[in-house]
Amino acid sequence: QVQLTESGGYLAQPGGSLRLSCAASGSTLDYYAIGWFHQAPGDEREEVACIRSHDNNIYYRDSIKGRFTMSRDNAKNTVYLQMNSLKPEDMGVYYCAVRSVPLRNSTGSPCNYGMNYWGWGTLVSVSS
């Protein structure tokens with residue numbers, strides 16, 4: 001059973017920064033893909049960023065490109081989401097998830113094809 005623990009959610013001002021962390025119970029290299037997802041109040045959960053382990057290719061949602069950066073520290077089994085220039089619409093719960101099942105002949109983000117394990121989420125608030 002994979003356990004994912006998110007942290008780093010907090011209250012930030014518009015234009016501010018936060019760094020979210022997701023600690024995995026196993027080696028992050030063992031998972032085919034790891035993703036960050038965002039659920040705004042009243043909205044469905046959407047993919048924010050996704051990294052494919054075998055080539056470290058990272059996919060970003062268009063609305064956060066240039067503002068958010070996903071990274072990983074394999075030695076710590078942790079992935080991060082650096083969030084800069086925060087906007088009120090970035091507010092919500094951020095979830096970390098992993099896909100353990102490999103894909104073949106897929107296009108685009110591997111996180112679009114379903115994730116196998118999810119964390120409980122961390123809450124980000126953006127307000128002045």
Side-chain angles (χ1 to χ4, degrees):
Q1 184 72 15
V2 177
Q3 292 185 334
L4 303 169
T5 305
E6 302 95 334
S7 61
Y10 203 66
L11 171 63
Q13 293 187 338
S17 298
L18 287 174
R19 188 176 81 155
L20 306 183
S21 300
C22 171
S25 59
S27 171
T28 52
L29 291 172
D30 290 340
Y31 309 130
Y32 183 79
I34 306 172
W36 283 101
F37 294 76
H38 169 231
Q39 186 167 22
D43 288 348
E44 293 186 354
R45 191 161 51 191
E46 294 182 328
E47 178 184 332
V48 174
C50 179
I51 185 168
R52 187 168 55 205
S53 292
H54 75 263
D55 59 8
N56 279 326
N57 213 6
I58 304 177
Y59 300 82
Y60 292 102
R61 190 172 75 193
D62 286 345
S63 64
I64 57 89
K65 282 182 180 177
R67 298 191 298 123
F68 293 6
T69 303
M70 184 175 183
S71 62
R72 66 194 299 167
D73 185 335
N74 294 328
K76 296 181 178 179
N77 296 329
T78 301
V79 295
Y80 303 96
L81 185 67
Q82 178 66 42
M83 310 165 67
N84 298 329
S85 303
L86 284 164
K87 302 177 180 180
E89 53 263 40
D90 297 324
M91 183 168 53
V93 180
Y94 284 76
Y95 298 90
C96 175
V98 302
R99 180 181 175 89
S100 56
V101 178
L103 291 167
R104 292 186 178 181
N105 302 321
S106 64
T107 58
S109 169
C111 294
N112 283 334
Y113 292 83
M115 308 302 280
N116 301 112
Y117 301 98
W118 292 85
W120 289 100
T122 185
L123 179 63
V124 170
S125 298
V126 182
S127 175
S128 55

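Computed from heavy atoms alone, side chains included, the values below leave out hydrogens, waters and symmetry copies. When a residue number appears, it is its place in the shown sequence, counting from 1.
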> Can you name the nearest heavy-atom pair linking Ala33 to Cys50, along with the distance?
Replying inline: CB-SG, 4.1 Å

>> Tell me whether Ile58 shares a hydrophobic cluster with Trp36, the cluster being built from Ile, Leu, Val, Met, Phe, Trp, Tyr side chains joined at under 4.5 Å.
In response: yes

> Of the non-hydrogen atoms in Gln1 and Ser25, which two are nearest, and what is the gap between them?
Replying inline: O-OG, 3.9 Å

>> Using 0.5 Å steps for rounding, measure from the CG atom of Asn112 to the OG1 atom of Thr107.
In response: 8.5 Å

> Roughly how far, to the nearest 0.5 Å, is NE2 of His38 from CD of Glu89?
Replying inline: 9.0 Å

> Considering all heavy atoms of both residues, which atom of Lys76 and which atom of Thr78 are nearest to each other, and what is their separation?
Replying inline: O-OG1, 2.8 Å

> Does one hydrophobic cluster hold both Tyr117 and Tyr80, with members joined at side-chain heavy-atom distances below 4.5 Å?
Replying inline: no

>> If you define the side chain from C-beta out and look only at heavy atoms, does anything of Leu18 sit under 4.5 Å from Leu86?
In response: yes

> Can any side-chain N or O of Glu6 pair as donor or acceptor with the backbone N or O of Trp120 at less than 3.5 Å?
Replying inline: yes

> Looking at OG of Ser21 and CG of Asp73, how far apart are the two atoms once the value is rounded to the nearest 0.5 Å?
Replying inline: 10.0 Å

> In terms of hydrophobic clustering (I, L, V, M, F, W, Y; side-chain heavy atoms under 4.5 Å; direct or indirect links), are Val79 and Leu81 co-clustered?
Replying inline: yes

> Within a strict 4.5 Å, meaning less than it, do heavy atoms of the Ser127 and Ser125 side chains meet?
Replying inline: no

> Is atom OH of Tyr10 surrounded by more than 12 heavy atoms (other residues, nucleotides or ligands) closer than 6.0 Å?
Replying inline: no

>> Could you report the tightest heavy-atom contact between Leu4 and Ala24, atom names first, then the distance?
In response: CD2-CB, 3.8 Å

>> Do Val48 and Leu20 land in one hydrophobic cluster if side-chain heavy atoms of ILVMFWY residues count as linked below 4.5 Å?
In response: yes

> In Å and rounded to the nearest 0.5 Å, what is the CD1 to OG distance from Ile51 to Ser71?
Replying inline: 8.0 Å

>> Please determine whether the number of non-hydrogen atoms from other residues, nucleotides or ligands lying under 6.0 Å from atom CD of Gln3 exceeds 12.
In response: no

> Would you call Arg72 and Asn56 a side-chain contact if the rule is heavy atoms closer than 4.5 Å?
Replying inline: yes

>> Tell me the closest heavy-atom pair linking Asp90 and Tyr94, and the distance in Å.
In response: O-OH, 2.6 Å

> Measuring from Ser17:OG to Arg19:CZ, what's the distance to the nearest 0.5 Å?
Replying inline: 12.0 Å

> Salt bridge check: are Lys65 and Asp62 linked by an N-O gap of less than 4.0 Å?
Replying inline: yes

> Side chains of Asn116 and Arg99: closer than 4.5 Å at any heavy-atom pair?
Replying inline: yes

> Less than 4.5 Å apart, any side-chain heavy atom of Tyr31 and any of Val2?
Replying inline: yes

> Taking the inter-plane angle between the rings of Tyr95 and Trp118 on a 0 to 90° scale, is it parallel (under 30°), tilted (30 to 60°) or perpendicular (over 60°)?
Replying inline: perpendicular

> Applying the 4.5 Å side-chain criterion to the ILVMFWY set and letting contacts propagate, would Phe37 and Phe68 be lumped into a single cluster?
Replying inline: no

>> Minimum heavy-atom separation for Met91 and Pro41, please, with both atom names.
In response: O-CD, 3.9 Å

> Cys96 versus Ile34: any side-chain heavy-atom pair under 4.5 Å?
Replying inline: yes

